[in-house]
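Read the structure below first, then the notes.
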Amino acid sequence: MSIIALHSAEASLVLEHGRDALLWRHLGLRVATDGLPALATTRGAATFSLDDDVPFATAPGLGWFGPLAVSARGRVLRWVVEDVAQTADAVRVTLADADTGLRLEQAFRVVSGGFEIAASLGNDGPVPQPIDHIASALLPLPAGLDRILSWRGRHAAEFVECVEAMPEQQWRREGRRGLPGHGGPPGLYLLGEGAGWDQGLALAAQLAWSGDAAIAVERDDEGRHLLSAGITDAITLQPGERFDAPPLLLAISGRGRNGAMAQMHAMVRARLPALGPRPVHLNSWEACYFRHDTARILELARAAADVGAERFILDDGWFKGRNDDTSGLGDWTPDPIKYPDGLTPLAEAVTAMGLQFGLWVEPEMVNPDSDLYRTRPDWALHIPGSPQPTARNQLVLNLSLLPVEDYLFDALDQLLREVPISYLKWDHNRDLAPAGGVGQVQGLYRLLARLRAAHPDVEIESCAGGGGRCDAGIAAFTQRFWTSDNLDPESRVAIQRGFQAFFPPEVMGAHAGASPAHATGRRHTLGFRAGVAMAGHFGVEMDPAKLPDAEREELARWIAFHKQWRHLLHGQTLVMGEGSDGLVWQASGNGREWLLLVTRTSPPQDRRPQPLALPFLAGVGAITATLLARAGTTPHKGFGEPAFLSDLSDGVTFPADWLAHAGLPLPPLLAQSVAIFHLKA
Ligand code: GLA
């Protein structure tokens, strides 16, 4: 027997090379493995069990009664280890089933402080092999976990956090809409007893896939919990064919949710295309919806440049026949009435204002009322003989068809070659019915890869009616996610916190929108709207020219503020937490310097805010805390604003441990406000 171990800074993955299998020994906090006795010598017999023990292996076979890594219709797969290749931070196992000719490769890698776990299945046999299920990962969970955090959501209400107990039987989160949906990526957090933001055992996992997938936790009859994750579509492997299952990103930390989140962010960052400084956006959608033409857009872009925006995005409504959401999708040429000279002079004029020019597209969609559909109705996903359900009046193109992929590549490539476009907002505004399966996602990834190769400097944003397609699969091709169509800052606080459980702030599209908020009708001060958007990749979703002068100047100040501090907000280590009396906070920084955002959505219950403990500062030395800004509500005249800590505006130095454990004194915060601090060691 030999022990195979991979170690991240905080965790270990330990396997034992048994007779025909790789057996699981440990996945959890970091352990030493020197002199470890063989599993067989530490495992007693159990009654009513097979005479030959079948312990949990990476690819379980006959005699294992738990979940399988691969199930192929009507077959019992008898995996035999063919090869194990190990480097310092990776193990690759090849297993073969002699009867079918199936060959399974499992890869375990230490990546950016976490583990990336993947599987790939090939058919080296002579006949096609229908595969019901292939798990990307099938893993033992460490003991002592007691909660599952997962997220659900709908359009304009993304990332609603749910907390459940570890199951006595089975827990499963499965997406069936053809894209991850508004509950976020196929993923979860698992927390140990007593674990919180900063302490205790925490695991975070997400499958890097933009289609249907399931992640499940099951208690086996030995009392252990197992995690499995993978696509849910059945596939057929032709002789010679191979399928690469999407990887699972797995974070394991003894430092609570923040520890697991930091690893998850690092793993996602390693998949993202390179990111420069995140330019401040102005997006045209809520400023003018479908009602625009060259003159209107130039006016809006001028207003954007005047307040300091750096990239202008022309949203929906620019292409042929697109005056509302009933027509035009599929025909990716400028509308001849709104844009008689095309987009090139417009984009050049916008660029001449010092703004980058971005464009909205929804390539996977087609309206029945479009030239494309009239010529190629067969290109839409459909079940022959069945009605085709539309959503927002649109159908979905079948991206597994090469001519469809080529058509979309050519249309987008031509736009990107002719017009100085630096950015595509890539939307997807419906669920898939019928489903497109694995081929749809693979077609999308191929199309994105081709466009990125042909136009490496063009950035892409993943949007699906807001945050309906946020996942680490598409993140390999995109630099931003549109987090939600809900710009109400009160709603956004929770949405953004859920998003950041899986993705770093620099890819979180966050805009200051209009008041009242278009999605909820609620009114908020500009300061609160901007203060909440400050946490992400900042933008504006309104027409600054329509604001009263004082507000327009305030907006310009918030944009300047974001530019001044984005080096601390983006690409750094993020920590989150909760204060007393309903306060939430997040801080982002580099270990010496941080920007701290303290947010209150509902009115305080307590007479005075309690000092805010910031555990991440423990042991840093001395910290100078400066209150940079207070954004949001002020009390009605006559009600009187309590005096706040004016000293903090000039910077006060505290022992870091004081701030970690006794806490930072806070100014009084009314409902709907944000206090922004600079912390410097
Ligand atoms: C989706 C997006 C919006 C906007 C519209 C355009 O809803 O989330 O931001 O682009 O489509 O139709």
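Each ligand, and each atom within it, is numbered from 1 in the order the structure gives.
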For this output row, return yes or no: ring centroids of W379 and Y407 closer than 6.0 angstrom.
yes
Can you give the donor-acceptor pairs under 3.5 Å from side chains of residues 340-355 to other protein atoms, not counting sequence neighbours?
from: T344; atom 1: OG1; to: E418; atom 2: O; distance (Å): 3.3
from: T351; atom 1: OG1; to: A347; atom 2: O; distance (Å): 2.5

Could you check ligand 1 for N or O atoms lying under 3.5 Å from protein N or O atoms and list the pairs with distances?
from: ligand 1; atom 1: 7 (O); to: N429; atom 2: OD1; distance (Å): 3.4
from: ligand 1; atom 1: 7 (O); to: D485; atom 2: OD2; distance (Å): 2.8
from: ligand 1; atom 1: 8 (O); to: G466; atom 2: N; distance (Å): 2.9
from: ligand 1; atom 1: 8 (O); to: D485; atom 2: OD1; distance (Å): 2.5
from: ligand 1; atom 1: 8 (O); to: D485; atom 2: OD2; distance (Å): 3.0
from: ligand 1; atom 1: 9 (O); to: K425; atom 2: NZ; distance (Å): 2.7
from: ligand 1; atom 1: 9 (O); to: W482; atom 2: NE1; distance (Å): 3.4
from: ligand 1; atom 1: 9 (O); to: D485; atom 2: OD1; distance (Å): 3.2
from: ligand 1; atom 1: 10 (O); to: D315; atom 2: OD1; distance (Å): 2.7
from: ligand 1; atom 1: 10 (O); to: D315; atom 2: OD2; distance (Å): 3.1
from: ligand 1; atom 1: 10 (O); to: W360; atom 2: NE1; distance (Å): 3.0
from: ligand 1; atom 1: 10 (O); to: K425; atom 2: NZ; distance (Å): 3.1
from: ligand 1; atom 1: 10 (O); to: D427; atom 2: OD2; distance (Å): 3.4
from: ligand 1; atom 1: 11 (O); to: D427; atom 2: OD2; distance (Å): 2.9
from: ligand 1; atom 1: 11 (O); to: N429; atom 2: ND2; distance (Å): 3.1
from: ligand 1; atom 1: 12 (O); to: D316; atom 2: OD2; distance (Å): 2.6
from: ligand 1; atom 1: 12 (O); to: R392; atom 2: NH1; distance (Å): 2.8
from: ligand 1; atom 1: 12 (O); to: R392; atom 2: NH2; distance (Å): 2.9

Residue from R152, R257, R497 passing salt bridge (Lys or Arg N to Asp or Glu O under 4.0 Å) with E161:
R257
Enumerate the residue pairs fulfilling salt bridge (charged side-chain N to carboxylate O under 4.0 Å, His left out) with a member in residues 426-444, sequence neighbours excluded, ordered by first and then second residue.
R177-D431
Report the residues that fulfil salt bridge (charged side-chain N to carboxylate O under 4.0 Å, His left out) with R557, sequence neighbours left out, ordered by chain and then residue number.
none
Check whether W482 forms a cation-pi arrangement with R492 (NZ or CZ under 6.0 Å from the six-membered ring centre, at most 45° off the ring normal).
yes
